[in-house]
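Data first, discussion second: the structure below is written as structure tokens.
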Amino acid sequence: MQVLHRNEVHTSRFILWLSILTFFSVMNETMFNVSLPDIAAYFNIAPSAANWTSTCFSLSFAIGIAVYGKISEHTGMRKLLLFGMLTYGFGSIVGLLCHTWYPGVLIARFFQGVGASAVPSLIMVIIVKIIEPEKQGKAFGLIGSVVAFGEGLGPVIGGAISGYIHWSLLFALPLLSLLALPFVLRTLPNETSERRSFDITGAVLLSVGILSFALFTTLYHWIYLTTSLVLFGLLALHIRRSQAPFLEPFLFRKKKYIAGVLTGALLLGTVAGFFAMVPYLMRAVYHMPTSLIGSAILFPGTLSVILFGMLGGMLADRWGLVAAMLSGLGMIVAGFLIVLFYTDLAPWLITGSMILTFGGLSFVKTVISASVANTLEPDEAGSGMGMLNFACFLAEGIGIAGVGGLLTKPWLNSPLIATVTSQAAALYSNMMLIFIALVTFGGLLFVLSYKRNRQ
């Protein structure tokens, strides 16, 4: 029998507690999506408003990832992790206490996103600094599995709690993650940090510009679009003049890098919007309860990300990135076509669509990560991959908000597809035409940018 040394036991426990933090952090991304129709009904609001329950979390999560990544360069990880998890817990308590007041729900989700983003932002740095090099591969693999499992289990847990108890209790689950915090902090060493300036102006311009654009995708008021464009213009001027800008200017000079980031953001944002739309579809067309939507419709799809993830990597290594991307896009489009033509035929077809869509998404994520990484020098990898994660999380929030706005538009209710006979299903069938167009554009952008790179 092998006896572990004391430091090996210490490391194993640290990875365990870190995995618990990660699990609850990523589960919150998908847990509320299945409950959006319940939230809309509870407050008697349109999907365009209800979807901001997820959008607030996604936007603050994306911005938090970028901010924590920058601050970690000159502030100790212990302080940032403690701040993030306490903010996460604060948001959860606000949600429990204010669940009858919709602005309070949005405020709670905002703080949850700000807090939860500390974990994925810092976790890779923590593993590199704390775990011995020969054990880092195992740690990264375990965290990756926990992330996939948390995202997959989120709809099941969210559907069960919303269906059998009440959606407001979803705010209570993240509080369990605070139990792991003392053990993680006990393991982290004390750090000495180098004091450097932080570009607050750049962070504010970017954050408010993003919020204005997200409001435009929901409300379609041109004032929000104009505001966002003005703020982004000011941000561009600020980046040129600042010595240490919030966004690294050299990244914007890399055409292939920008193309890869835009492709990833467009495709992940589209699939996130589709994921947010499905609970409304199942409720309106099949009158399915929330618990069943989470377990029978959404869970098989999110679980397929785990099953297809390794296959996507093998395919990319053997056939090249472009071939792997086209395979993933083919699966996503096939899933969208099922909903387009057979929206109201049978619920198990929607399950099949989810499996194909998320299976294809796992291919896309692998290809985008590898493609973007290939455009970066070793000393650019941290900033470049951090910007990719920021853009993709941001796009998911905007995608969810945009779909909420589209679901309220009367011009999408006109039946266009002959195989869809239900008036209630016409709206969701027509939405797939928009999704397919966005995915096709993203695929063309990638192929045109990377067709010469077959590695």
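We count residues from 1, following the sequence as given. Since the model is a prediction, treat every value here as computed from it, not as a measurement.
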Flag, side chain of [X] to backbone of [Y], donor-acceptor distance under 3.5 Å:
| X | Y | value |
| --- | --- | --- |
| S295 | V156 | no |
| R283 | P37 | no |
| S117 | V114 | yes |
| N430 | S414 | yes |
| E396 | A391 | no |
| S60 | F110 | yes |
| S429 | L340 | yes |
| S177 | P174 | yes |

- Query: Between F171 and F32, does the ring centre distance come in under 6.0 Å?
  - Reply: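 Ring-ring flag for F171/F32: true, centres closer than 6.0 Å.
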- Query: Considering residues at least two apart in sequence or located in another chain, which fulfil the side chain to side chain contact (heavy atoms under 4.5 Å, CB included) criterion with L326?
  - Reply: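 Side chain to side chain contact (heavy atoms under 4.5 Å, CB included) check on L326 returns V322, V447.
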Is there a side-chain contact between [X] and [Y], using heavy atoms and a 4.5 Å cut-off?
| X | Y | answer |
| --- | --- | --- |
| H166 | H99 | yes |
| L59 | R109 | no |
| C98 | V105 | no |
| F23 | L153 | yes |
| F390 | M387 | yes |
| Y286 | L281 | yes |
| I45 | Y102 | yes |
| F341 | V420 | no |

A quick test of your reading: do over 12 heavy atoms of other residues, nucleotides or ligands sit less than 6.0 Å from [atom1] of [X]?
| X | atom1 | result |
| --- | --- | --- |
| F213 | CZ | no |
| Y342 | OH | no |
| F111 | CZ | no |

Roughly how far, to the nearest 0.5 Å, is [atom2] of [Y] from [atom1] of [X]?
| X | Y | atom1 | atom2 | value |
| --- | --- | --- | --- | --- |
| S92 | L96 | OG | CG | 7.0 Å |
| I332 | L438 | CD1 | CG | 12.0 Å |
| T87 | L82 | OG1 | CG | 9.0 Å |
| S371 | M325 | OG | CE | 6.0 Å |
| S353 | I355 | OG | CD1 | 9.5 Å |
| F441 | L444 | CZ | CG | 8.0 Å |

- Query: Restricting to pairs with a member in residues 320-348, which pass salt bridge (charged side-chain N to carboxylate O under 4.0 Å, His left out), not counting sequence neighbours?
  - Reply: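 Applying salt bridge (charged side-chain N to carboxylate O under 4.0 Å, His left out) to every pair that reaches into residues 320-348, excluding sequence neighbours, yields nothing.
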To check you understand the geometry: which heavy-atom pair defines the closest contact between [X] and [Y], and what is its length?
| X | Y | answer |
| --- | --- | --- |
| L445 | S449 | O-OG, 2.8 Å |
| F274 | M354 | CE2-SD, 3.5 Å |
| T263 | G442 | CG2-O, 3.5 Å |

- Message: Show, in sequence, the C-alpha distance, side-chain angles and deciding distance for L329 and V364, and conclude whether the side-chain contact (heavy atoms from CB on, under 4.5 Å) test is met.
- Response: CA-CA 7 Å; L329 292 177; V364 168; 4.3 Å; yes
- Worked check of side-chain contact (heavy atoms from CB on, under 4.5 Å) between M282 and L292: CA-CA 10 Å; M282 303 311 297; L292 195 57; over 6 Å; no
Side chains of [X] and [Y]: is there a donor and an acceptor less than 3.5 Å apart?
| X | Y | result |
| --- | --- | --- |
| T290 | S162 | no |
| Y280 | N51 | yes |
| Y42 | T100 | no |

- Name the one of Y428, F275, F336 that satisfies ring pair (Phe, Tyr, Trp, His ring centres under 6.0 Å) with F435?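 For F435, the ring pair (Phe, Tyr, Trp, His ring centres under 6.0 Å) check succeeds only for F336.
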- Message: In terms of relative ring orientation, are F216 and W222 parallel, tilted or perpendicular, with 30° and 60° separating the classes?
- Response: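 Geometry flag for W222 against F216: tilted rings.
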- Given side-chain contact (heavy atoms from CB on, under 4.5 Å), test V403 with I434 step by step and report yes or no. CA-CA 10 Å; V403 165; I434 299 174; over 6 Å; no
